[in-house]
Amino acid sequence: MSAVVCVGSISNIKALWESRIQKHQDELKAERGQRGKSSVGEISNVWESRIQLSKLKEKVYNEDGRLILRIEKEEWKTLPGCLVKLPQLQEWQLHRTGLTTIPTFIANFNNLLVLDLSRNVINKIPREIGRLTKLRELLLSYNRIAEVPAEISGCENLERLELAVNKDISELPDQLGKLTQLTHLDLNMNQFTTIPRAVLELPALEWLDMGSNKLKTLPEDVDKMQCLHTLWLQRNEISDLPDSIGHLQNLSTLVLTNNRMRGIPACLQSLRNLRFVNFRDNPLELEVSLPPSEDEEEEEERDLFGLQFMHAYIQESLNSGSTDLFS
């Protein structure tokens with residue numbers, strides 16, 4: 001009996017086999033193409049990173065042995081990761097660059113002494129900033145920051161902190177009171193309604209600006225700031241001062257312009273080191289005129305609402321028996 005060959009079946013099998021081979025070849029070709037594109041993309045990214053790093057290196061200056069990255073009025077909305085290849089930087093000065101974020105890789109810059117990113121559009125301080133243990137100055141004024149992380153307390157050598165004109169900061173974490181080296185704090189033009197507890201706990205604080213906030217009064221234990229020599233409280237809603245302010249024996253400058261004070265408390269006479277004070281633009285109830293000075297130059301330079309005015313006002317209050325209203 002002769003064998004029967006099914007020509008149709010063989011043709012179908014051959015077509016199926018050729019189809020599979022073609023599909024496999026197409027897949028290999030596509031994979032090779034994708035690898036090629038990836039390689040080109042990787043090479044492109046490497047070159048772009050090198051170009052960015054080269055541009056950044058051009059912004060690095062050596063001043064008195066300190067390496068400073070300085071960028072002014074040049075758009076850098078974000079900082080590239082290649083910046084970590086410059087870990088020896090000791091100071092960043094980036095102003096008016098449109099920077100929106102502080103990169104988390106900031107933690108890699110262990111040698112940073114000054115971080116000045118004022119006049120940008122930064123809206124958040126990363127927690128990683130607390131790992132900058134050598135940092136002495138953190139300058140973030142004129143940004144859009146609304147919250148201050150507790151991790152800043154990790155910057156144990158911080159001496160100067162500026163957060164002015166962020167407009168939305170209303171409180172500080174208690175942990176900031178652990179910054180034992182902090183001497184200068186600028187919180188001007190924000191939303192504080194009182195001096196934060198953390199500020200009162202700063203043992204070395206010498207200079208404090210809380211002007212243009214929403215302060216109505218000062219804490220009773222304001223005298224905890226025994227190192228304080230300068231206190232700016234202009235443009236608030238303060239109507240009276242606690243007697244304890246008279247215990248700030250190192251206070252030499254007190255600015256209370258544009259508030260709601262109806263009188264000047266007698267306790268301010270206890271401030272033996274007070275050299276400059278200003279009560280201008282307050283609704284003071286008593287009208288006090290200073291006697292004319294025989295020295296014309298002294299007359300021109302004298303502040304009509306300054307230290308001499310303060311003492312004259314308090315004396316007039318005592319004479320009129322109205323001092324109880326303002327103490």
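Basis for what follows: all heavy atoms, side chains included, without hydrogens, waters or symmetry-related copies.
With hydrogens and angles disregarded, no donor-acceptor distance shorter than 3.5 Å links the side chain of Asn282 to the backbone of Leu284. Between the side chain of Ser252 and the backbone N or O of His229 there is at least one donor-acceptor pair closer than 3.5 Å. Using modelled atom types, no side-chain atom of Asp186 and backbone atom of Ala164 make a donor-acceptor pair closer than 3.5 Å. Using a distance-only test at 3.5 Å, with no hydrogens or angles considered, no donor-acceptor pair links the side chain of Glu156 to the main chain of Ser153. Thr194 places no side-chain N or O within 3.5 Å of a backbone atom of Pro196 that could act as its donor or acceptor partner. One N or O on the side chain of Thr100 and one on the backbone of Lys77 form a donor-acceptor pair closer than 3.5 Å. The backbone N or O of Glu220 lies less than 3.5 Å from a partner atom in the side chain of Ser244, making a donor-acceptor pair. Asn166 places a side-chain N or O within 3.5 Å of a backbone atom of Leu140 that can act as its donor or acceptor partner. Counting only distance, with no hydrogens or angles, the side chain of Asn190 and the backbone of Lys167 share a donor-acceptor pair below 3.5 Å. In this structure, the side chain of Asn111 does not engage the main chain of Phe109 through any donor-acceptor pair within 3.5 Å.
For the pair Phe276 and Leu307, the minimum side-chain heavy-atom distance is 4.5 Å or more. Here the side chains of Leu138 and Asp116 are not in contact, with every heavy-atom distance at 4.5 Å or above. Taking the side chain as every heavy atom from C-beta outward, Lys216 and Thr193 never approach each other to under 4.5 Å. Leu182 has its side chain out of reach of Trp207: every pair of non-hydrogen atoms, C-beta onward, lies at least 4.5 Å apart. Put simply, the side chain of Lys55 reaches to within 4.5 Å of the side chain of Trp76, judged on heavy atoms. In this structure the side chain of Val199 reaches within 4.5 angstrom of the side chain of Leu185, judged on heavy atoms. Residues Val222 and His247 have side chains not in contact (no heavy-atom distance under 4.5 Å, counting atoms from C-beta outward). At a threshold of 4.5 Å between non-hydrogen side-chain atoms, the residues Leu286 and Ser317 count as touching.
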>> Does Leu113 form a side chain to side chain contact (heavy atoms under 4.5 Å, CB included) with Asn157? I'd like the steps, not just the answer.
In response: CA-CA 9 Å; Leu113 301 175; Asn157 286 296; over 6 Å; no
> Yes or no on salt bridge (Lys or Arg N to Asp or Glu O under 4.0 Å) for Arg136 and Glu91, after CA distance, side-chain angles and deciding distance?
Replying inline: CA-CA 10 Å; Arg136 295 177 187 170; Glu91 188 168 336; over 6 Å; no
> Under the side-chain hydrogen bond (donor to acceptor under 3.5 Å, both in side chains) criterion, do Gln88 and Gln90 qualify, and how do the steps go?
Replying inline: CA-CA 6 Å; Gln88 68 275 26; Gln90 294 170 288; over 6 Å; no
> Are Lys124 and Glu147 close enough, and set up right, to give a salt bridge (Lys or Arg N to Asp or Glu O under 4.0 Å), and what steps lead you there?
Replying inline: CA-CA 7 Å; Lys124 184 179 181 181; Glu147 185 176 353; over 6 Å; no
>> Run Val148 and Leu163 through side chain to side chain contact (heavy atoms under 4.5 Å, CB included) and show every step you take.
In response: CA-CA 9 Å; Val148 179; Leu163 297 166; 3.8 Å; yes
>> The test is side chain to side chain contact (heavy atoms under 4.5 Å, CB included); show your working for Leu187 and Leu172 and say whether it passes.
In response: CA-CA 10 Å; Leu187 300 173; Leu172 296 178; 4.0 Å; yes
> Would Asn110 and Thr133 count as a side chain to side chain contact (heavy atoms under 4.5 Å, CB included) if you check the C-alpha gap in whole Å, the side-chain angles of each, and the deciding distance to 0.1 Å?
Replying inline: CA-CA 7 Å; Asn110 297 321; Thr133 56; over 6 Å; no
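Annotation for Leu290 and Ala312: closest pair CD2-CB, 3.9 Å, computed over non-hydrogen atoms. Pairing each heavy atom of Leu56 with each of Cys82, the nearest pair is CD1-SG, 4.2 Å. The two residues Ala150 and Pro173 make their nearest non-hydrogen contact at CA-CG, 3.7 Å. Of all heavy-atom pairs between Leu176 and Leu202, the closest is O-CD2, 3.1 Å. In plain terms, the two heavy atoms of Asn259 and Thr257 that are nearest each other are ND2-O, 3.2 Å. In terms of heavy atoms, Gln226 sits closest to Asn250 at O-ND2, 2.7 Å.
The CG atom of Leu256 lies 9.0 Å from the CD1 atom of Ile264; values are rounded to the nearest 0.5 Å. Taking CD of Glu316 as the reference point, atom NE2 of His311 lies at 15.5 Å (rounded to 0.5 Å). Atoms CD and CD, on Glu159 and Gln181 in that order, are 6.5 Å from each other to the nearest 0.5 Å. Interatomic distance, CG of Asn123 versus CZ of Arg144, reported as 8.5 Å (0.5 Å rounding). The distance from atom CG of Leu99 to atom CH2 of Trp92, rounded to the nearest 0.5 Å, is 8.5 Å. Rounding to the nearest 0.5 Å places CG of Leu208 at 9.5 Å from NE2 of His184.
Arg127 CZ: 12 or fewer foreign heavy atoms inside a 6.0 Å radius. Heavy atoms from other residues, nucleotides or ligands lying under 6.0 Å from NZ of Lys224 number more than 12. With a 6.0 Å radius and a threshold of 12 heavy atoms from other residues, nucleotides or ligands, Glu287 has its CD atom at or below the threshold.
A salt bridge links Arg160 to Glu162: at least one charged side-chain nitrogen sits closer than 4.0 Å to a carboxylate oxygen. A salt bridge is absent between Glu72 and Lys59; no separation between the charged side-chain nitrogens and carboxylate oxygens falls under 4.0 Å. Salt-bridge annotation for Glu74 and Arg96: absent, with no side-chain N of the basic residue lying under 4.0 Å from a carboxylate O of the acidic one. Salt bridge Arg197/Asp221: present, at least one basic N to carboxylate O contact under 4.0 Å.
Grouping the Ile, Leu, Val, Met, Phe, Trp and Tyr side chains by contacts below 4.5 angstrom, directly or via other members, places Phe105 with Ile125. Trp232 and Leu161 fall into different hydrophobic clusters, where Ile, Leu, Val, Met, Phe, Trp and Tyr are joined by side-chain heavy atoms under 4.5 Å apart, directly or via other members. Residue Leu241 is grouped with residue Leu318 when hydrophobic side chains (ILVMFWY) are merged at heavy-atom distances under 4.5 angstrom, including chains of intermediate members. Side-chain heavy atoms closer than 4.5 Å link hydrophobic residues (I, L, V, M, F, W, Y) into clusters, and following such links, possibly through other members, connects Leu215 to Met225. Cluster annotation: Ile145 is not connected to Tyr142 through the hydrophobic network of ILVMFWY side chains, with a link wherever side-chain heavy atoms come within less than 4.5 Å.
Each of Leu218, Thr217, Asn213 was scored for a side-chain contact (heavy atoms from CB on, under 4.5 Å) with Ile238, with one residue passing: Leu218. Checking Leu89, Ile106, Leu53 one by one against Leu83, the side-chain contact (heavy atoms from CB on, under 4.5 Å) holds for a single residue, Leu89.
Of the N and O atoms on the side chains of His95 and Asn120, not one donor lies less than 3.5 Å from an acceptor on the other residue. In this structure, a donor-acceptor pair under 3.5 Å is present between the side chains of Gln191 and Lys214. Side-chain atoms of Asn236 and Ser212 include no donor-acceptor pair closer than 3.5 Å.
Because its NZ or CZ atom is not both nearer than 6.0 Å to the ring centre of Phe305 and within 45° of the ring axis, Arg280 does not count as a cation-pi partner of that residue.
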